[in-house]
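Working notes, beginning with the structure itself.
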Amino acid sequence: MASRGKWTSSIGFILAAAGSAIGIGNIWRFPYMTGKYGGAVFLFVYLAAVVLLGMPVMIAEIAMGRATGKNPVGAFRELRPKSQWKLVGYLGVIAGLMILSYYSLISGWTLGYFFKTLAGQLRGATTEATPAVFAAFSANVGLQLLLLGAFIFLTAWIVSRGISGGIEKACKVLMPVLVVIMLVLLGRALTLPGAGKGLEFYLKPDFSKLSPQMVIDAMGQAFFSLSLGMGAMITYGSYLKKDESIPRSTAWVAGLDTVTAVMAGFIIFPALAAYGMSPAGGHPLVFHILPVIFDRMPLGTAFGLLFFLLLGVAALASTISLLEVVAAYCIDELKWNRSKAVWLAGGLSFLLGIPSVLSFAGVPCFRRLPLVGVSFFEMMDFVWGTLALSVGALFISIFAGFVWKKSAAFREIGWGTKGARLGSVWLFSVRYLCPLLIAATLAMLFVG
Ligand code: TRP
């Protein structure tokens with residue numbers, strides 16, 4: 001296979017981009033953050049960020065990718081030669097490597113829980129027992145390294161096979177199945193006695209809980225969940241055919257991603273309330289509550305197995321997109337062949353993931369970094385998964401709004417005389433709304 005292919009169909013692009021977007025960010029990160037920040041307020045700020053910031057930036061990224069047919073670094077270089085803008089591309093490539101390292105670890109947890117379910121270790125799970133089960137699981141360094149390694153290996157193996165071959169096929173079949181399983185869980189959670197309290201937590205905002213840190217994390221979560229801010233959508237857009245509509249694809253991808261995250265909340269919070277668990281359980285939140293849900297529903301073991309397996313597949317479609325950014329850069333810019341690029345980047349990512357493994361294993365210096373007071377893993381997730389993506393999105397919007405010529409951008413997006421109204425809304429967003437809102441939110445880091 002050539003090192004640069006094209007998506008074979010428009011649905012192929014939408015499913016692969018949605019595959020990148022939908023992952024453990026929706027089902028693990030979104031619920032635990034919503035729980036941590038007190039529920040509905042976080043949900044609303046997050047939704048606002050998706051619409052106001054996420055969608056315009058996604059249009060910009062896909063258009064930049066398709067216009068140039070390049071990786072993030074190459075795209076900036078081609079649109080603005082001999083400038084420092086390519087640094088934004090480099091930031092993205094590095095962020096891809098960094099996020100891949102710890103994202104693969106959490107993805108490995110889904111495999112771990114699949115096997116736990118298979119071995120019957122989660123049978124009879126109670127709210128008292130699951131936290132201890134998780135603690136023992138995550139403290140097992142050997143097992144964690146194995147899961148991390150296995151996940152990165154799987155990712156690298158698929159990416160090494162090229163674009164339409166690996167990614168597209170997997171997403172096409174499996175994503176819809178995951179959604180069906182989530183619908184079943186949704187029905188289960190909403191009909192539990194006591195579920196109403198959870199719904200109230202999730203939907204009734206208490207605005208006194210607004211805080212600068214919360215707004216930063218909600219914005220970061222929007223970029224993280226939509227796979228924005230580091231050029232993943234530039235890279236995926238570079239494989240998109242010219243006659244596909246970018247705004248329409250964006251609406252689909254953002255819509256599917258957001259529905260999945262919101263749906264995860266509708267499962268987790270009612271269940272937490274019904275079983276009397278706190279929503280502020282932190283990172284392991286969904287791994288604490290899901291086994292309890294499965295254990296007390298008909299065919300629970302079967303659903304549990306399918307759910308963890310498909311969540312693993314959803315995570316895989318996301319890790320593929322993270323690695324693809326790094327690979328596309330090494331292939332285009334460094335002229336490496338695909339397999340060298342993929343295996344070297346995958347190997348490096350594994351090494352970078354080791355300190356994250358150790359932070360959960362309770363190795364003191366990684367569990368609580370000196371000075372910052374959070375674990376190495378939490379530091380990675382905040383610095384790369386939240387800050388770097390927000391900074392990336394800030395620069396991408398400024399670039400698309402001011403540096404890239406309006407006529408060229410509009411032509412690429414497909415806004416001639418017909419889409420002019422939508423075009424001016426987009427231009428206003430990337431020129432003023434996104435830069436100002438993102439910069440103001442980031443600035444709160446220093447005051448709040
Ligand atoms: N969006 C994915 C999720 O929600 C994670 C992800 C994949 C990602 N590729 C990305 C995040 C690129 C940022 C950038 O699980």
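Just so you know, these numbers use all the heavy atoms, side chains as well, and skip hydrogens, waters and symmetry mates. Note that ligands are numbered from 1 as they come in the structure, with each ligand's atoms numbered from 1 the same way. FYI, the numbering just counts along the sequence from 1.
- Taking a cutoff of 4.0 Å between a charged side-chain nitrogen and a carboxylate oxygen, Arg338 and Glu324 qualify as a salt bridge.
- Atom CH2 of Trp252 has 12 or fewer heavy atoms from other residues, nucleotides or ligands within 6.0 Å.
- Counted within 6.0 Å of CZ on Phe137, heavy atoms from surrounding residues, nucleotides or ligands total more than 12; the atom is thus considered enclosed.
- Under the 30°/60° scheme for interplanar angles, the aromatic rings of Phe42 and Tyr37 are found to lie parallel.
- Taking the ring axis of Phe399 as reference, the NZ or CZ atom of Arg80 does not stay both within 45° of it and closer than 6.0 Å to the ring centre.
- Ion pairing of Arg66 with Glu244 is absent here, as no side-chain N (NZ or NE/NH1/NH2) approaches a carboxylate O to less than 4.0 Å.
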Write none if no such pair exists; otherwise list each N/O atom of ligand 1 with its protein N/O partner under 3.5 Å and the distance.
unit_1: ligand 1; atom_1: 1 (N); unit_2: Ser20; atom_2: O; d: 3.2
unit_1: ligand 1; atom_1: 1 (N); unit_2: Ala21; atom_2: O; d: 3.0
unit_1: ligand 1; atom_1: 1 (N); unit_2: Phe224; atom_2: O; d: 2.8
unit_1: ligand 1; atom_1: 1 (N); unit_2: Ser225; atom_2: O; d: 3.1
unit_1: ligand 1; atom_1: 1 (N); unit_2: Ser227; atom_2: OG; d: 2.9
unit_1: ligand 1; atom_1: 4 (O); unit_2: Ala21; atom_2: O; d: 2.9
unit_1: ligand 1; atom_1: 4 (O); unit_2: Asn26; atom_2: OD1; d: 3.4
unit_1: ligand 1; atom_1: 9 (N); unit_2: Ser227; atom_2: OG; d: 3.3
unit_1: ligand 1; atom_1: 9 (N); unit_2: Ser321; atom_2: OG; d: 2.9
unit_1: ligand 1; atom_1: 15 (O); unit_2: Ile24; atom_2: N; d: 3.4
unit_1: ligand 1; atom_1: 15 (O); unit_2: Gly25; atom_2: N; d: 2.8
unit_1: ligand 1; atom_1: 15 (O); unit_2: Tyr103; atom_2: OH; d: 2.4

